[in-house]
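See structure below.
Just the heavy atoms: all of them, side chains too, but no hydrogens, waters or symmetry mates, feed the values below. We count residues from 1, following the sequence as given.
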Amino acid sequence: MRLLLMSDTHLPKRAKELPAQLLAELPLADVVVHAGDWVDTATLDLLEHRSRAVLGVYGNNDGPALRARLPEVARAELGGLRFAVVHETGAAQGREHRCAERFPDLDVLVFGHSHIPWDSTTETGLRLLNPGSPTDRRRQPHCTYMTATAADGGLTDVTLHRLPPRTG
């Protein structure tokens, strides 16, 4: 099962549209995971229309229309792994411990908010993934997203993709 992970798209505030490279990944993904801060419902509509499945949550910048359609925490079994998606996990310091305590029944937690890519594993074996942002790099060198494969209870091919700088 091929996964496409993104977060913090902030459309149309940080960019007018999703990058072409990211859009080209949609038909290749079995599940698109979005960890919140969509900002507009048009992005959710686009992903739901062009993707096989969307697993998403709302973020702190998402208004009532998105909160009516998305949960704060989303859960699914994908490729034999127990996944959850949440927007915020708090400060980087102590993140592994906090998340392991909050989500003891998970294998993978996808989160966003910071726009900083993250890939770590807690002492309990929980994998933490933040794909960064494909539209707002903040203090990071690149805008980013992730792909991964979930199959037979394992997560493989976790790849952080760097997007080229926007022109114009």
L3-V108 co-clustered via ILVMFWY side chain contacts under 4.5 Å: yes
Main-chain N/O of V57 paired to W38 side chain as donor or acceptor, under 3.5 Å: yes
Validation row: H142, L163 side chains within 4.5 angstrom (heavy atoms): no
Evaluation steps, side chain to side chain donor-acceptor pair (under 3.5 Å), between D37 and H113: CA-CA 7 Å; D37 273 4; H113 187 62; 4.7 Å; no
Contact summary for L55 and A76, nearest pair of heavy atoms: CD2-CB, 4.0 Å
Trace of the salt bridge (charged side-chain N to carboxylate O under 4.0 Å, His left out) decision for R138 with D8: CA-CA 11 Å; R138 284 198 185 156; D8 298 282; 5.6 Å; no
Residue pair Q93 / R98: nearest heavy atoms and the distance that separates them: O-NH1, 3.0 Å
Set of side chain to side chain contact (heavy atoms under 4.5 Å, CB included) partners for L23, sequence neighbours left out: L18, L26, L46, R50
Ion pair E25/R2, N-O distance below 4.0 Å: yes
Shared hydrophobic cluster for L78 and L81 (ILVMFWY, side-chain gaps under 4.5 Å): yes
Considering all heavy atoms, the nearest P134-P19 contact: O-CG, 3.3 Å
Nearest-0.5 Å distance, CD of residue E88 to CD of residue E72: 9.0 Å
CD (Q21) with more than 12 external heavy atoms under 6.0 Å: yes
Same apolar cluster: L22 and V32, side chain cutoff 4.5 Å: yes
T89 side, atom OG1; L109 side, atom CG - distance, nearest 0.5 Å: 7.0 Å
Side chain S133, main chain T9, donor-acceptor under 3.5 Å: no
Heavy-atom check, side chain of F103 versus side chain of R75, under 4.5 Å: yes
Which atom of R127 lies closest to which atom of T121, heavy atoms considered: CD-OG1, 3.5 Å
Residue pair C143, D136: steps toward the side-chain contact (heavy atoms from CB on, under 4.5 Å) verdict: CA-CA 6 Å; C143 289; D136 184 15; 5.7 Å; no
Non-hydrogen atoms of M146 and D119 that approach each other most closely: CE-CB, 4.5 Å
Those residues that, when tested against A148, pass side chain to side chain contact (heavy atoms under 4.5 Å, CB included) (two or more places apart): L155, V158
Backbone N/O of D157 and side chain of T159: donor-acceptor pair under 3.5 Å: yes
Test item: R69 and D45 side chains (from C-beta on) under 4.5 Å apart, heavy atoms: yes
Separation of S114 OG from H87 NE2 (nearest 0.5 Å): 8.5 Å
Non-neighbouring partners of Y58 that pass ring-ring contact (aromatic ring centres under 6.0 Å, His included), sequence neighbours left out: none
Any donor-acceptor pair under 3.5 Å from N61 side chain to V39 backbone: no
Spacing of H34 atom NE2 and S51 atom OG [to the nearest 0.5 Å]: 10.5 Å
is_close_aromatic(H115, H10), centroid dist under 6.0 Å: yes
Least distance between heavy atoms, A35 atom then F111 atom: CB-C, 3.6 Å
Residues L126, E101; criterion side-chain contact (heavy atoms from CB on, under 4.5 Å); working and verdict: CA-CA 10 Å; L126 172 64; E101 281 191 339; over 6 Å; no
L160 reachable from W118 in the ILVMFWY side-chain graph, under 4.5 Å edges: no
Verdict with reasoning, L11 to T135, per side-chain contact (heavy atoms from CB on, under 4.5 Å): CA-CA 8 Å; L11 294 178; T135 56; 4.1 Å; yes
Backbone N/O of P117 and side chain of N130: donor-acceptor pair under 3.5 Å: no
Nearest-0.5 Å distance that lies between atom CG in L129 and atom OG in S7: 12.0 Å
ILVMFWY network linking L5 to L128, side-chain heavy atoms under 4.5 angstrom: no
side-chain contact (heavy atoms from CB on, under 4.5 Å) between T144 and M6, worked out: CA-CA 8 Å; T144 57; M6 67 182 85; over 6 Å; no
Spatial distance of atom CG (D152) from atom CE (M1) [nearest 0.5 Å]: 11.0 Å
